[in-house]
Amino acid sequence: MILKNKILKKVLHSKLFFVLIFIPIFVQAKINVVTTTTDLKSLVDLVGQDQVESLSIAKGTQDPHSIEAKPSFMSKMRSAQVVFAQGLELEDAWLRPLVEGSKNPKIAIGSDNFVELGSKLDPIGVSTKNITRAEGDVHPLGDPHFQLDPIRMARAAEIIADKLSDLDSEHQVLFKKNAQELKKNLEDKTKNWQSRLQKTNIKEVITYHKSFNYFLSRFGIQSQLQIEPKPGIPPTPKHLAEVIDHIKKNKIRLVLIENYFDHESENKLKSEVDKLNVERVAVSVEGEPQIKTTIDLIEALVQKFEKASR
Amino acid sequence: MRYPNFRNLLLYLIGFTFIACWGFNFASATAFQTLNTGINSLFWYRQSNYDVSDSSTTRQGLDIREAEINFYSDVDPYTKLNMILSLHPEYTYNSNTHKIDSNYKIEPEELYAESLSFIPDFGFKLGKFKLPFGVQNTVHTHAYMLMEQPLINKYLLGEEGLNEVSAQISYLLPLSWFSSLDINYSKSPMESQAFNSQKNGEGMGLVHFKNLWDLNEDLSLELGLSYANGQNHLKSNTQLWDIDWAIKWRPSTLSKYHSLSLGGEYMRRQKAQATSSIEKGSGTQTFLRYQWVQRWQLNYRFDYFEMRDSDSSINSESIVNGVYRKNALALDFLASEFSQFKFEVSQYVFPLSEFENFTENRYILQANFTIGAHPSHTY
């Protein structure tokens, strides 16, 4: 007992004890961020740099519509300080069970730290009439696939910087500076991509799902038809025949297929239409190993247009 | 339970449809969803060589299996309220007219309030809800892997499972893997045959411990333990034990097209029968689900169940002693997330008495349609 008391006194009087107790007060912890997609994770990493610890639930190779609410994500989200989601019902089927399962009041749905970006970015495709699921798996509040629009991604980076600043005001200047740099880079690159895409003279493409609408709208390219007959519905032979007919009639040179869809339609189109460029492309950061940022992602897409125009 | 006549049924349906349409329109018109609604309906066609007489209450051929009407909404920043109503046909043999009377029955499947994480790591639930015991008990009919629940659930927990008025506290353990502990208290009288004590104020306690490890990005391992203890209608004690496991694989690339689940469960019940011997029931289920393209998947389950020392002279809810075995194979076609079709063939060998077995061969075709809010992508 005497020995125990002596040891306790020594420990309490040692400098090491006070250092260990007070270190956490002086060392600023990183902001723990969860994003629903790798595109938002990439923005968070660029804006927050070494002041954030980020995790994306969907991988770049996965269709963000069809993620499962795996309980291991609940454990990873229990210490999150903020959630960034694309919103507009993209993650509706899996994000709510994950947030609720994390039992983390900081990121509760509807709270300030649960940030859905889509609705803040002037979404396209907002339904102005009553629609039903007879039209497929539609998003009446607007198209959630804004990750392929460099200008909206720049705006998203600014919103992320504002939120990170709320959580860590000490690094506010850093976050805002990083967001501004990213915005300038994306704006400069957009001018470059615009000019290169105009030179390709490609006015219309076919896509599998409506994932490219923001990109196509930004750069003035049309897409009248998708390989999916309706959003979320796999192609039927009849619909594929219509697509092939449309490609032939309108001399379309490029078909873009998100790389999380299988090869069946790609093979069919290649076998039916000569010299057609059917490209499987990443539509999210980390969709391919070399795609690390939004700039890499859109650059890779622009290169597919250039390849198809040769 | 009330058995509404046709007029009442019509009024119920009109009322539900009105509320559902109002809720859906409201939800669609704004991002801020005040009331979410969903209706799930199951239709089936079944043929079996068991109990085929005209007086049988198990009807063959085409029928409505069940409709579930689901309402849920956040009450305030602290609480969410859920209500699920079940509408299903019920057939009874009328011994006076020697005819089968058919009625539709509406009952609350679940009605509970749930906390919205106002205390970190803890969750609370209060009301009537499916209790977290084993793999299957919390699953609703439309989400069954095979047409029916496993034999261990049917015989050891009862046809309706453990679905009681209860209070639940959940704790998410601060570990590097998913680890969750649920503790429940349910009050009597309960619907479950395992804990149907009639004594006023008596209750049942239940503990469920669930873990999930990510073995790599594509593969996970689940392990669950459950235990429940309470009184039965014979004023004696019932204990339930369960251990379950599952390995699930879904690749990171082309993940919409391929997945595999393999799992199993062992459940055991000891039900004291007053002055008689202790009834002992136990069994296993082993299941496999394989998805090889976007819209098709195959499900297989083998059920084994064994009952010993069930005493029909003292126990009005006794189960025929013997061994029960069932093989079931189902093919799913997932037209969309909102409509699915299942075709199942099964063979079920069970004791009619302690001296005679019966082999039931059955096939069922089921259609499942959902409207309203997007169904959750549960793992």
Side-chain angles (χ1 to χ4, degrees), chain A residues 58-63 65-79 87-89 91-111 116 118-119 127 130-133 136-138 140-142 230 232-234 259-264 287, chain B residues 24-25 28-33 74 77-78 80 114-123 170-180 210-214 217 220 222 248 250-259 293-295 335-339 370-379:
Chain A
K59 294 179 185 68
T61 52
Q62 289 179 310
D63 180 352
H65 298 89
S66 56
I67 303 297
E68 289 174 321
K70 191 154 70 162
S72 48
F73 287 120
M74 296 172 189
S75 291
K76 288 170 183 163
M77 292 169 82
R78 61 187 288 280
S79 52
L88 303 174
E89 300 184 349
E91 305 100 339
D92 258 17
W94 49 272
L95 187 55
R96 188 175 183 114
L98 286 181
V99 169
E100 290 180 358
S102 74
K103 298 183 169 56
N104 179 354
K106 286 182 194 159
I107 55 165
I109 290 171
S111 72
E116 287 190 315
S119 57
S127 177
N130 281 335
I131 52 172
T132 71
R133 293 226 168 85
D137 195 0
V138 287
L141 303 176
K230 287 177 178 175
I233 305 296
N259 64 358
Y260 45 71
F261 290 112
D262 69 1
H263 294 264
E264 205 176 317
Chain B
F24 185 62
N25 283 338
S28 302
T30 65
F32 185 77
Q33 297 186 342
D74 294 346
Y78 314 107
K80 186 170 90 169
E114 192 175 16
S115 69
L116 286 171
S117 308
F118 56 88
I119 300 177
D121 301 336
F122 284 91
S170 306
Y171 177 51
L172 186 62
L173 278 76
L175 298 170
S176 58
W177 69 92
F178 173 81
S179 183
S180 173
K210 184 180 175 183
N211 294 274
L212 183 140
W213 293 268
D214 283 332
E217 286 200 338
S220 68
E222 283 180 49
K248 293 181 179 172
R250 186 176 283 282
S252 309
T253 52
L254 297 178
S255 58
K256 294 158 71 95
Y257 298 89
H258 309 287
S259 67
V293 286
Q294 188 176 358
R295 292 173 130 183
S336 73
E337 282 195 69
F338 306 94
S339 61
T370 304
I371 57 171
H374 212 294
S376 286
H377 293 177
T378 49
Y379 188 64

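The analysis underlying the following values was restricted to heavy atoms, covering all of them including side chains, and did not include hydrogens, waters or symmetry mates. Note on naming: letters A, B, ... go to the chains in the order of the sequence lines (proteins, then strands), and numbering restarts at 1 for each one. Just so it is clear, the model here is predicted, and its values are computed rather than measured.
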Using the side-chain contact (heavy atoms from CB on, under 4.5 Å) rule, take B:Phe178 and A:Lys70 through it: C-alpha gap first, then chi angles, then the decisive distance, then the call. CA-CA 9 Å; B:Phe178 173 81; A:Lys70 191 154 70 162; over 6 Å; no
What's the verdict on side-chain contact (heavy atoms from CB on, under 4.5 Å) for B:Leu254 and A:Gln62, showing C-alpha distance, side-chain angles and the deciding distance? CA-CA 7 Å; B:Leu254 297 178; A:Gln62 289 179 310; over 6 Å; no
Among [options], which residue forms the greatest number of heavy-atom pairs with chain A at distances under 4.5 Å?
options                                : value
B:Pro251, B:Ser115, B:Ser180, B:Ser376 : B:Ser376
B:Pro77, B:Ala335, B:Ser252            : B:Ser252
B:Thr253, B:Leu116, B:Asp214           : B:Asp214
B:Ser170, B:Ser220, B:Gly123, B:Pro174 : B:Pro174

Looking only at A:Asp262, A:Thr61, A:Asp63, the option with the highest number of non-hydrogen pairs under 4.5 Å against chain B is A:Asp262
Given the options A:Arg78, A:Arg96, A:Lys106, which has more heavy-atom pairs under 4.5 Å with chain B than any of the others?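 Going by pairs under 4.5 Å, I would pick A:Arg78.
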Please flag which part of [X] lies under 4.5 Å from any non-hydrogen atom of chain A: side chain, backbone, both or neither.
X        : value
B:Phe338 : side chain
B:Thr378 : backbone
B:Tyr257 : side chain
B:Pro375 : backbone

Kindly indicate whether the side chain of [X], heavy atoms from C-beta on, has any atom under 4.5 Å from the side chain of [Y].
X        : Y        : result
A:Ile109 : B:Lys80  : no
A:Ile67  : B:His377 : no
B:Glu337 : A:Asp137 : yes

[X] side, atom [atom1]; [Y] side, atom [atom2] - distance, nearest 0.5 Å:
X        : Y        : atom1 : atom2 : value
B:Ser255 : A:Tyr260 : OG    : OH    : 10.0 Å
A:Phe261 : B:Gln294 : CZ    : CD    : 7.0 Å
A:Glu68  : B:Ser259 : CD    : OG    : 7.0 Å
A:Ser72  : B:Leu212 : OG    : CG    : 5.5 Å
B:His374 : A:Asp92  : NE2   : CG    : 7.5 Å
A:Lys76  : B:Ser176 : NZ    : OG    : 9.5 Å

Interface moiety of A:Ser102 toward chain B, non-hydrogen atoms closer than 4.5 Å: backbone
Please state whether the side chain, the backbone, both or neither of A:Pro97 comes within less than 4.5 Å of a heavy atom of chain B. side chain
Residues in salt bridge (charged side-chain N to carboxylate O under 4.0 Å, His left out) with B:Glu222, at least two apart?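 B:Glu222 satisfies salt bridge (charged side-chain N to carboxylate O under 4.0 Å, His left out) with B:Lys210, B:Lys248 once adjacent residues are dropped.
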salt_bridge(B:Asp121, A:Lys103) N-O dist < 4.0 Å: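 No, B:Asp121 and A:Lys103 are not salt-bridged.
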To check you understand the geometry: which heavy-atom pair defines the closest contact between A:Arg133 and B:Gly372, and what is its length?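 Where A:Arg133 meets B:Gly372 most closely, the heavy atoms are NH1-O, 2.6 Å.
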Would you check, one step at a time, whether the test side-chain contact (heavy atoms from CB on, under 4.5 Å) holds for A:Ser75 with B:Leu175? CA-CA 8 Å; A:Ser75 291; B:Leu175 298 170; over 6 Å; no
